[in-house]
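Right, one structure below, let's go through it.
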Amino acid sequence: MRAYRAVFKLRLALGLQYRAAALAGLATQFFWGLMSIMVYDAFYSHSSAVPDMSFQQVVTYIWLQQAFLTFVMLWFRDSELFGLITGGNIAYELCRPCGIYGFWYAKLVAQRLSAAALRCLPILLVAVILPGRYRLSLPDNPGAALFFVLTLLLGLLVLVAISMLIYISVFYTMSPTGSIMLMGILGEFFSGMIVPIPLLPSWIQQIAYVLPFRLSADFPYRVYSGHIPWQDAVTGVGAQLLWLAALACFGYLWLNRALKRVIIQGG
């Protein structure tokens with residue numbers, strides 16, 4: 001565990017140094033958030049149907065998406081890990097006195113946490129003071145806020161466990177492009193990053209509820225907005241824990257199997 005804590009702290013400190021890159025991305029995320037809210041504003045203003053989510057809940061949903069984008073996007077990659085696999089430097093990882101799965105997992109969690117830490121506060125602060133309908137609402141009660149933090153962190157762990165499968169698949173494909181595109185498209189759609197899950201057709205919602213992607217984004221955001229009462233979030237937390245255990249066990253076993261087939265060639 002000491003090695004995992006060490007790599008977590010080092011990667012976290014390293015990620016917090018890239019302030020300029022984070023600030024450059026803030027403008028893009030603000031623009032994208034405002035544009036998305038304007039689209040939904042037009043939709044809600046001219047729709048005769050009554051959507052399952054109120055407009056204010058959708059606004060909150062979108063601002064949380066932008067604030068914690070690095071927590072939930074599967075196309076957020078660590079090129080260093082891909083280089084280790086495809087370039088043969090995985091040999092150095094095999095020499096470490098610790099498990100590769102836990103070592104990489106801790107590194108990826110720290111990478112996403114550091115990226116979110118630099119971006120989330122400016123976005124949340126500005127979104128809270130925006131005028132009128134475009135403002136980020138605060139949670140209705142402390143219980144919702146606490147459950148949001150819990151579900152958001154568990155969602156991060158679930159998403160990293162999913163992303164680990166992308167890295168492991170490169171041992172077989174030797175190219176990350178296909179895995180990232182496939183998992184990225186599926187993950188974004190079924191996590192609610194494109195359209196909130198409650199606004200999708202019912203048959204698509206049923207598929208989304210079976211898959212683990214929504215547990216990283218849609219579920220925490222709806223707990224925050226009150227669309228899912230925090231008293232009812234206990235079931236979702238249980239689902240997050242079950243998926244986390246299943247994905248981590250599967251990834252661990254798959255990685256060990258892949259490492260047994262690795263052939264490292266030198267020049």
Side-chain angles (χ1 to χ4, degrees), residues 12-13 15-41 44 53-76 108-160 187-188 191-199 213-230 233 236-237 240:
L12 189 64
L16 292 174
Q17 295 179 8
Y18 293 96
R19 299 181 182 89
L23 292 175
L26 286 176
T28 303
Q29 290 179 241
F30 274 122
F31 173 78
W32 189 261
L34 286 171
M35 184 181 66
S36 300
I37 292 172
M38 290 177 184
V39 170
Y40 282 106
D41 193 7
Y44 273 75
M53 295 180 70
S54 68
F55 177 72
Q56 195 55 51
Q57 288 175 335
V58 172
V59 170
T60 299
Y61 194 104
I62 292 173
W63 283 128
L64 292 175
Q65 276 184 353
Q66 298 306 313
F68 300 101
L69 184 63
T70 57
F71 272 30
V72 297
M73 56 183 184
L74 277 170
W75 41 267
F76 187 76
L108 294 175
V109 171
Q111 186 181 39
R112 289 177 180 269
L113 275 174
S114 61
L118 292 172
R119 300 187 184 196
C120 67
L121 287 180
I123 293 176
L124 293 175
L125 289 174
V126 174
V128 166
I129 63 176
L130 285 175
R133 289 161 56 84
Y134 289 6
R135 181 185 302 134
L136 170 68
S137 300
L138 297 177
D140 294 334
N141 52 71
L146 290 174
F147 262 84
F148 166 70
V149 174
L150 174 62
T151 55
L152 184 69
L153 293 177
L154 286 175
L156 169 64
L157 298 180
V158 170
L159 190 87
V160 172
E188 281 205 1
S191 66
M193 293 297 292
I194 298 177
V195 179
I197 300 298
L199 301 183
F213 302 109
R214 77 173 192 91
L215 297 173
S216 64
D218 176 78
F219 175 58
Y221 301 161
R222 288 164 62 192
V223 170
Y224 179 100
S225 67
H227 189 263
I228 297 178
W230 68 270
V237 171
Q240 287 179 312

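Atoms CE and CD1, on M35 and I62 in that order, are 10.0 Å from each other to the nearest 0.5 Å. Atoms OH and CG, from Y61 and L136 in turn, are 14.5 Å apart once rounded to the nearest 0.5 Å.
What you find for P198 and M53 is that their closest heavy atoms are CG-SD, 3.6 Å. For W63 against Y134, the heavy-atom pair with the smallest separation is NE1-O, 3.0 Å. V195 and Y40 make their closest contact through CA-OH, 3.7 Å (heavy atoms, listed as atom of the first residue, atom of the second, distance). Of all heavy-atom pairs spanning Y221 and V72, the tightest one is OH-CG1, 3.8 Å. Between C120 and A67, the shortest heavy-atom distance links the atoms CB-O, 3.4 Å. L159 approaches F71 most closely through the heavy-atom pair CD2-O, 2.8 Å.
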* Please assess L113 against L156 for the test side-chain contact (heavy atoms from CB on, under 4.5 Å), listing each intermediate value before the final yes or no. => CA-CA 9 Å; L113 275 174; L156 169 64; 3.9 Å; yes

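Remark: the backbone N or O of A116 is paired with a side-chain donor or acceptor of T70 at under 3.5 angstrom. Remark: the backbone N or O of F219 is not paired with any side-chain donor or acceptor of R214 at under 3.5 angstrom. R119 places no side-chain N or O within 3.5 Å of a backbone atom of Q66 that could act as its donor or acceptor partner. A side-chain donor-acceptor contact under 3.5 Å links Q240 to the backbone of L215.
When each of T60, V59, V128 is checked for a side chain to side chain contact (heavy atoms under 4.5 Å, CB included) with S137, only T60 meets the rule.
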